[in-house]
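Residue indices begin at 1 and follow the sequence shown. Basis for what follows: all heavy atoms, side chains included, without hydrogens, waters or symmetry-related copies.
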Amino acid sequence: QVQLVESGGGLVQPGGSLRLSCAASGSIFSINAMGWYRQAPGKQRELVATITSGLRINYFDAVKGRFIISRDNAKNTVYLQMSSLKPEDTAVYYCNADIQTTRWELDRHYWGQGTQVTVSS
């Protein structure tokens, strides 16, 4: 069984910063791409940023220059450093990872439970 557990969400004022963390645990052989998605009320879930096992990074245009994604492979953890936050960044942020549980199986897509980020004065 694999679990992704996010932490670090909360309430922050516009212009502020937050750092999200997501740790994967359980039966893990390897982790390939990891990423962050978000879903605001009444909107579809959207990609925020992804990082591959080879550290290739992709950002949603709206967060480029403000958010930084990184990962610690030894800890099976992905991070999202968010700066210059705007009210439109308010959403539930979900961690995502492509995980291989044994060498004989293909990657499966796993999701965390989500963490709320609210940007408001």
* **Joint cluster assignment, Tyr110 & Tyr93, ILVMFWY side-chain distance < 4.5 Å** => yes

* Asked: Judged by atom type as modelled, is there a donor-acceptor pair below 3.5 Å linking the side chain of Arg45 to the main-chain atoms of Arg38?
  -> no

* **Ring centres under 6.0 angstrom apart (Phe29, Trp104)** => no

* **Donor-acceptor pair, side chain of Gln113 and main chain of Val5, under 3.5 angstrom** => no

* Give a yes or no on this: more than 12 heavy atoms of other residues, nucleotides or ligands lie within 6.0 Å of atom CD of Gln44. => no

* To do: Could you check Thr52, Asp98, Asp107 and say which one makes a side chain to side chain donor-acceptor pair (under 3.5 Å) with Asn32?
  => Asp107

* Does Ile69 belong to the same Ile/Leu/Val/Met/Phe/Trp/Tyr cluster as Tyr37, with side-chain heavy atoms less than 4.5 Å apart forming each link? -> no

* To do: Treating Ile, Leu, Val, Met, Phe, Trp and Tyr as nodes and any side-chain heavy-atom pair under 4.5 angstrom as an edge, say whether Tyr59 and Ile51 lie in one connected cluster.
  => yes

* Are the side chain of Thr77 and the backbone of Lys75 linked by a donor-acceptor contact shorter than 3.5 Å? -> yes

* **Distance (rounded to the nearest 0.5 Å) between Phe67 CZ and Leu18 CG** => 9.0 Å

* Side-chain H-bond candidate by donor/acceptor type, Gln13 with Ser121, under 3.5 Å -> no

* To do: Can you spot which of Val12, Val48, Val119, Thr118 makes a side-chain contact (heavy atoms from CB on, under 4.5 Å) with Asp89?
  => Val119

* Check whether Val92 and Met34 end up in the same hydrophobic cluster, where Ile, Leu, Val, Met, Phe, Trp and Tyr are linked by side-chain heavy atoms less than 4.5 Å apart. => no

* Asked: Has Gln116 got more than 12 heavy atoms of other residues, nucleotides or ligands less than 6.0 Å from its CD?
  -> yes

* Asked: Taking atom types as modelled and ignoring hydrogens, do the side chains of Arg56 and Asn58 form a donor-acceptor contact shorter than 3.5 angstrom?
  -> no

